[in-house]
Chemist: 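Quick one: structure below, then a few questions.
Order of the sequence lines fixes the chain letters, A, B, ..., with proteins taken first and strands second; residue numbering starts at 1 for each chain.
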Number of protein chains: 2
Amino acid sequence: MSKPEGLHKQAVTMRDVAQAAGVSQSTVSRVLSGTEGSILIGEETRQRVLETVASLGYFPNLHAGSLRGQKTRMLAMMIADIGNPFYHPMVRAVQDVAHEHRYDVMIANTDHTSVGERLFVESVIRRPVDGVILVPYHMVKADFDRLIARTGAAVAVLGQHIDHPQVDTVYGNDDQALFEAISWLVCERGHRRVGLIGVTNEHSVGVRRRSAFVEALRQAGLAIDPALFTLGDWTESSGYRAAQQLLALPEPPTAVFAVNDLMAIGAMEAIQSAGVQVPQQMAVMGFDDIPQATWVRPRLTTVAQYPAEMGRWLATALFERIRGEFDGAGRRFEVKCRLCQRESA
Amino acid sequence: MSKPEGLHKQAVTMRDVAQAAGVSQSTVSRVLSGTEGSILIGEETRQRVLETVASLGYFPNLHAGSLRGQKTRMLAMMIADIGNPFYHPMVRAVQDVAHEHRYDVMIANTDHTSVGERLFVESVIRRPVDGVILVPYHMVKADFDRLIARTGAAVAVLGQHIDHPQVDTVYGNDDQALFEAISWLVCERGHRRVGLIGVTNEHSVGVRRRSAFVEALRQAGLAIDPALFTLGDWTESSGYRAAQQLLALPEPPTAVFAVNDLMAIGAMEAIQSAGVQVPQQMAVMGFDDIPQATWVRPRLTTVAQYPAEMGRWLATALFERIRGEFDGAGRRFEVKCRLCQRESA
DNA sequence: CGAATTACCGCATACGATTGCATGAACAGA
DNA sequence: TCTGTTCATGCAATCGTATGCGGTAATTCG
């Protein structure tokens, strides 16, 4: 208590290197940052400093640079749930690109809640980073403005509904893909009663997918039966419960569409447990095409998104802004979804 | 270029709050850190400061505190591959505990490589954090010493082979569980030829599991056939290839054990593709009990580990050290593995 | 040989927040 | 009225690094 002492004693600082090499601290800094052109350092001195750095095992402290307003060498990523396999290829792609630039990545889960998203933004305000990758479900333009104004970070977003002049966006044509998938289900496959396992309207994506679903049925001239609309929360177990609900109906559907694969897999589990054959008695269709979609039997018919490609694009766009190679208006990049016809529908 | 300007202009600092409230910056600090007892702040002043903080929307800058040697409010986590479902419950548990303490979590993948692990340690030296969670495959005692000496961070490790006085360790009795699982396979199930899908001996865990496997066969009085030992790299596709190798043998095994579920699932895929029935013609067994083990058909017989419990324990132990509630010798916590008999063996 | 460059390098400051110490006011007791 | 005490607040140093500016030695040129 007498000395502050700090939690993190840094063994060797730039000052130590300077002292050991018999130069000033600023010289060490200039040798290491290597700002060529402006200030020159004698070759002899440079060598001596570099040797001292190596022998002492010195590493620069990134906290100091962050405080000075330099680069933080850090990215923050906001996703709904690291447990959902859909995010893995995206997270991996972001981490890999970041790693190539010698950046670290901080990851936070929101569990699809708006309070989770708000906490994330505050956490980035508290600890500014160079770049932010978001998969938002609730944030509105004001939130993006606040984030950018308060941190100065580059921002890249996954989602269809974001439209902000300074953020780059990658999105899939998932509404249209969903529309086509349902149309295929009713027109080609002749299903007249299709159940939906959706999510609450709090999620903008939930609203959009529901509308696309309804529109597809309408265009096919089918009646809309509210009993066929069930709600899940993106998890496997919620899909299981929703399917049980549909099975218990007086007149159950002949096909079920879930707005993500996790719920579709849960639904299939429930349907098979009830002794109902998939797809003969009840077809099942998902969305995302997670790797596990081909692990289940029957293999899941679904709509593929390409999270790895999306993640790579997001991170690359971010670094172009961070490195100052681009600072124009927000760019948009569409990744086309694709129907994967497999065995479950 | 004329002004340094910095990359991250901080909109509102403590100085701004102080100015707006008509007090000194240190007073604002004292109001916010709320060091009760030692220093008193007048109630009137305190209220005025708090109101100003709220109206300006001020948040403290964590980089500054980190530099001063205060808490960084950040954890670093090193895992092999975020794409492996085994890690998800663990990562989620760590994130959840961290979130309760208002901490952020940085996550890095090593892909089981030693260079990846070394880079992670260096990255933590560069940007010290309060706590580090490791799932190492290569690190030795000297690396832990270096990490602790250079950062002063609390360290918690998952794995059986770590023994360091200052790090807390959680481990499963996986060698023994594996031994029992194989014994069950050969004694109860009567398999005389069991193939192994293992990993290279570079991974300490690979060595251990291989030994346990061999020992089980030996005690059952079975001959050791080197042709039955194949190598994978923990991924599904490598399991697929390894199984193809076993199938191509003049005398293929009647059972296959993979040292993780991902490879077991890949193996099952290959076996079924070859038209061989699981488990009638060839049994398959995995290790980990990832959620997806029950998604495949037949459901995978495997040995369960409890990554969520492990993650929770690791993070909790870490915070006990960070908060100074514990600073004794390294603690050890064993999580018992359990054989999950399902349909594939 | 003296002056003007040029090439190197150090000093001092700033980033934002914490904290030991000093200072000032108010107040009580003598 | 003077001194001592308590309470509330301000001043300034500090963490590690980057950088504008000023200073010194070496070199060149007239």
Side-chain angles (χ1 to χ4, degrees), chain A residues 1-19 21-49 53 58-73 125-128 152, chain B residues 1-19 21-35 37-49 53 58-73 125-128 151-152:
Chain A
M1 275 304 183
S2 52
K3 284 183 195 173
E5 182 74 34
L7 189 56
H8 310 284
K9 59 211 163 175
Q10 177 158 344
V12 36
T13 74
M14 197 176 265
R15 197 186 306 273
D16 298 326
V17 175
Q19 196 159 14
V23 295
S24 82
Q25 175 259 340
S26 41
T27 300
V28 178
S29 170
R30 276 188 269 254
V31 168
L32 293 180
S33 14
T35 327
E36 300 297 339
S38 58
I39 296 271
L40 300 179
I41 298 290
E43 190 52 35
E44 187 188 356
T45 312
R46 149 173 271 113
Q47 285 307 325
R48 189 153 34 95
V49 168
V53 164
Y58 165 78
F59 288 97
N61 182 325
L62 285 176
H63 290 309
S66 304
L67 180 58
R68 284 239 24 195
Q70 310 298 125
K71 299 218 191 309
T72 63
R73 295 198 154 279
I125 291 177
R126 248 182 276 266
R127 183 194 283 106
Chain B
M1 275 305 184
S2 52
K3 283 183 196 172
E5 184 73 35
L7 189 55
H8 308 284
K9 55 201 169 189
Q10 178 157 344
V12 37
T13 73
M14 196 175 264
R15 196 186 308 275
D16 299 326
V17 175
Q19 197 159 13
V23 295
S24 82
Q25 179 251 30
S26 44
T27 300
V28 177
S29 171
R30 275 187 271 255
V31 168
L32 292 180
S33 5
T35 328
S38 57
I39 297 275
L40 300 180
I41 299 289
E43 191 52 35
E44 186 187 357
T45 312
R46 147 174 271 115
Q47 284 307 324
R48 190 151 35 94
V49 168
V53 165
Y58 165 79
F59 289 97
N61 182 326
L62 284 177
H63 290 310
S66 304
L67 180 56
R68 284 243 22 198
Q70 311 297 125
K71 299 217 190 309
T72 63
R73 296 199 153 277
I125 292 178
R126 247 181 277 267
R127 184 192 282 104
T151 71

Chemist: Taking NE2 from A:H63 and C1' from D:dC15, how many angstroms apart are they, rounded to a whole number?
Modeler: 11 Å
Chemist: Please report the distance, rounded to the nearest Å, between CG in B:L67 and P in C:dT19.
Modeler: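 That distance rounds to 14 Å.
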Chemist: Applying side-chain contact (heavy atoms from CB on, under 4.5 Å) to A:I41 and A:T27, what does each step give before you reach the verdict?
Modeler: CA-CA 8 Å; A:I41 298 290; A:T27 300; 4.0 Å; yes
Chemist: Between B:D16 (CG) and C:dG16 (C1'), how many Å, whole number?
Modeler: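 Whole-Å distance recorded here is 11 Å.
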Chemist: Grab the CD-P distance between A:E44 and C:dC9 for me, whole Å please.
Modeler: 9 Å
Chemist: Quick one: is A:T45 getting a side-chain N or O under 4.0 Å of the C:dC9 phosphate, OP1 or OP2?
Modeler: yes
Chemist: In this structure, how many angstroms lie between the P atom of D:dG10 and the CD1 atom of B:I41, rounded?
Modeler: 8 Å
Chemist: Could you walk me through whether B:T45 and B:R48 pass side-chain contact (heavy atoms from CB on, under 4.5 Å), step by step?
Modeler: CA-CA 5 Å; B:T45 312; B:R48 190 151 35 94; 4.0 Å; yes
Chemist: In whole Å, I'd like the distance from the CG atom of B:L62 to the C1' atom of C:dT18.
Modeler: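 After rounding, the gap between these two atoms is 14 Å.
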Chemist: Nearest to the side chain of B:Q25 - D:dT17, C:dT19, C:dT18?
Modeler: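 Nucleotide nearest to B:Q25's side chain: C:dT18.
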Chemist: Just checking A:V28: base, sugar-phosphate only, or nothing, at a heavy-atom cut-off of under 4.0 Å?
Modeler: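 It contacts nothing in the nucleic acid.
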Chemist: Is it the case that D:dC15 (base atoms only) and A:T13 (side chain only) share a donor and an acceptor within less than 3.5 Å, ignoring hydrogens and angles?
Modeler: no
Chemist: Should the heavy atoms of other residues, nucleotides or ligands under 6.0 Å from CD of A:Q47 be counted, would the total exceed 12?
Modeler: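 Correct, the count exceeds 12.
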Chemist: How close or far is atom P of C:dC9 from atom CG of A:L32, stated in whole angstroms?
Modeler: 14 Å
Chemist: Heavy-atom nearest nucleotide on DNA chain D for A:G65 versus B:R48: which residue maps closer to 5'?
Modeler: B:R48
Chemist: If you go through the side-chain atoms of A:S26, does one of them form a donor-acceptor pair with the base of C:dC11 closer than 3.5 Å?
Modeler: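 Present.
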Chemist: Quick one: which of C:dA14, C:dT19, C:dG10 gets closest to the side chain of A:V23?
Modeler: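 It is C:dG10.
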Chemist: Using every non-hydrogen atom in the two residues, find where B:M14 and B:L32 come nearest and quote the distance to one decimal.
Modeler: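 Where B:M14 meets B:L32 most closely, the heavy atoms are CE-CD1, 4.1 Å.
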Chemist: Please work out if B:T27 contacts a base, only the sugar-phosphate, or nothing of the nucleic acid, heavy-atom cut-off 4.0 Å.
Modeler: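 It contacts sugar-phosphate atoms only.
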Chemist: It should be established whether B:S29 places a side-chain nitrogen or oxygen under 4.0 Å from OP1 or OP2 of nucleotide C:dT18.
Modeler: yes
Chemist: Report the distance from atom CZ of B:R68 to atom P of C:dT18, rounded to the nearest whole Å.
Modeler: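 Rounded to the whole Å, the gap is 9 Å.
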Chemist: Choosing from D:dA18, D:dA12, C:dG16, which nucleotide comes nearest the side chain of B:A64?
Modeler: C:dG16
Chemist: What's the closest nucleotide to the side chain of B:R30 if the choices are D:dG16, D:dG10, C:dC9?
Modeler: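 Comparing D:dG16, D:dG10, C:dC9 against the side chain of B:R30, the answer is D:dG10.
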Chemist: Does A:G42 reach a base, just sugar-phosphate, or nothing at all? Heavy atoms under 4.0 Å.
Modeler: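 Sugar-phosphate contact only.
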Chemist: Tell me if the CD atom of A:E44 is crowded by more than 12 foreign heavy atoms within 6.0 Å.
Modeler: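 No, not enclosed.
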